[in-house]
Number of protein chains: 2
Amino acid sequence: MKIGELARRSGLSAHTIRYYERIGLLPYADRDRSRQRDYDASILTWIDFLGRLKTTGMPIREMLRYAALREAGSGTEADRRSLLERHREQVRARVAELEACLLVLDTKIAGYADIEKRIEDHDAHQRTRRNQQAGARQAGSR
Amino acid sequence: MKIGELARRSGLSAHTIRYYERIGLLPYADRDRSRQRDYDASILTWIDFLGRLKTTGMPIREMLRYAALREAGSGTEADRRSLLERHREQVRARVAELEACLLVLDTKIAGYADIEKRIEDHDAHQRTRRNQQAGARQAGSR
DNA sequence: CTACGAGTTCGAGCGCACTCCAAGTCAATG
DNA sequence: CATTGACTTGGAGTGCGCTCGAACTCGTAG
């Protein structure tokens, strides 16, 4: 698979794929006779996992540490595991934080809803009064 | 309250407070006789809410839109509400996304735990075999 | 042979959200 | 009166994670 197809299938741009290789997030890819990168489909699994790390807010620095352990092969499982466990805790904390903010947002939104409702009621009341006055005028003009 | 105290109480740096005022996120603060900013405690509520928006990933661009509506005063409640409602949906989506990633992390971590367990078992087995051989040698040597 | 499309490298540029620096002002203290 | 420390402004610099451009090389189709 060449870089263009990998880009389409991974959702990254070819630029980003090269950038990731440059910084060491992706392993140095084999090149064909004309020095073009030639990828194995298995790289998609790795890119996908990197995407998870990224989505959960892991900085590239730390992904690099994980990638390096992975490259180092067996014997690094305990380190990789504890790195992911620490990250998992951070993600859990983040979720809790977002949920706390959601409550604040709910309250704020409910506050605006109240204000809007009060305005509507007020308007409806005003209309009713105008109509009553108009009715009274009509009745009086007969 | 001067900027230093506000910085301490809000958790922002004085630099950041001035930056926020410059871009319009904080209202232009009144100055005292010697042109120093003089804040009312009520600003803390606003900074706190801005913090919630920031924590939930709202870009400054959008906070500015909200801040502008707020400055515009009454009549903008419906807009402010819908802005916050749209944001709330994004935050909810983000939480869902993080939770999906947490499942992937759990699986990955469990995988490493398995590998480590297999290695431990293997080592324990090796030790047992060595002990048995040592025992057999001792018994034979008697 | 030419033209194309997709790839290559290297380095510069960008958007975001700060963060910091230099040079100056001011009020209070010794 | 001199010093100290907290403040002022305007503008430059930073770190992150890309993103893009220029100039070039290939392999294939017409």
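Both backbone and side-chain heavy atoms feed into the values below; hydrogens, waters and symmetry mates do not. Labels below follow one simple rule: chain letters A, B, ... track the order of the sequence lines, proteins then strands, and each chain is numbered from 1.
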Expressed in angstrom and rounded to an integer, what is the separation of A:Tyr19 atom OH from C:dG13 atom P?
->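 Interatomic distance, OH of A:Tyr19 to P of C:dG13: 17 Å.
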Please figure out whether B:Lys54 or B:Arg18 has its closest DNA chain C nucleotide nearer the 5' end.
->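 Closer to the 5' end of DNA chain C: B:Lys54.
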Please round to the nearest 0.5 Å and tell me the distance separating atom [atom1] of [X] and atom [atom2] of [Y].
X	Y	atom1	atom2	result
B:Lys2	B:Asp32	NZ	CG	7.0 Å
B:Asp30	B:Asp40	CG	CG	9.0 Å
B:Tyr19	B:Ile60	OH	CD1	4.0 Å

Less than 4.0 angstrom from a charged side-chain N to a carboxylate O is my criterion; do [X] and [Y] meet it?
X	Y	answer
B:Arg81	B:Glu77	no
A:Glu89	A:Arg86	no
A:Lys117	A:Asp121	yes
B:Arg18	B:Glu21	no

Of the residues in residues 8-17 of chain A, which ones touch DNA chain D at a heavy-atom distance under 4.0 Å?
->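 Per residue number, the list reads A:His15, A:Thr16.
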Looking at DNA chain D, which of residues 56-71 of chain A put a heavy atom within less than 4.0 Å of it?
->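 Residues of residues 56-71 of chain A under 4.0 Å from DNA chain D: A:Pro59, A:Ile60, A:Arg61.
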Side chain of B:Asp38, backbone of B:Arg31: donor and acceptor closer than 3.5 Å?
->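 Such a contact is absent between B:Asp38 side chain and B:Arg31 backbone.
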Would you check if the side chain of B:Thr76 reaches a backbone N or O of B:Asp79 as a donor-acceptor pair within less than 3.5 Å?
->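 Not confirmed, B:Thr76 side chain does not pair with B:Asp79 backbone.
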Between which nucleotides of DNA chain D, 5' to 3', does chain A make heavy-atom contacts below 4.0 Å?
->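 Going 5' to 3' along DNA chain D, contacts run D:dC16 to D:dG27.
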Close approaches to DNA chain C from residues 31-41 of chain A, in residue order (heavy atom, under 4.0 Å) |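 Heavy-atom cutoff 4.0 Å gives A:Arg31, A:Arg35, A:Gln36, A:Arg37.
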If you take all heavy atoms of A:Gly24 and A:Leu64, which pair is closest and at what distance?
->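 Scanning both residues, the minimum pair turns out to be C-CD2, 3.7 Å.
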Would you say that [X] contacts [Y] through its side chain, given a criterion of any heavy-atom pair below 4.5 Å between the two side chains?
X	Y	answer
A:Leu12	A:Leu6	no
A:Arg94	A:Glu97	yes
B:Tyr39	B:Ile17	yes

I'd like a table of donor-acceptor pairs (distance under 3.5 Å, sequence neighbours excluded) in which one partner is a side-chain atom from residues 100-115 of chain A, with atom names and distances.
residue, atom, partner, partner atom, Å
A:Asp106, OD1, B:Arg88, NH1, 2.7
A:Thr107, OG1, A:Leu103, O, 2.9
A:Tyr112, OH, B:Tyr66, OH, 2.6
A:Tyr112, OH, B:Arg80, NH1, 3.1

Through what angle, rounded to 10 degrees, does the axis of the helix from C:dC1-D:dG30 to C:dG30-D:dC1 turn between its ends, using five pairs per end?
->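 End-to-end axis angle: 30°.
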In terms of heavy-atom contacts, does CG of B:Asp123 have more than 12 from other residues, nucleotides or ligands at under 6.0 Å?
->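 Count over threshold, so yes.
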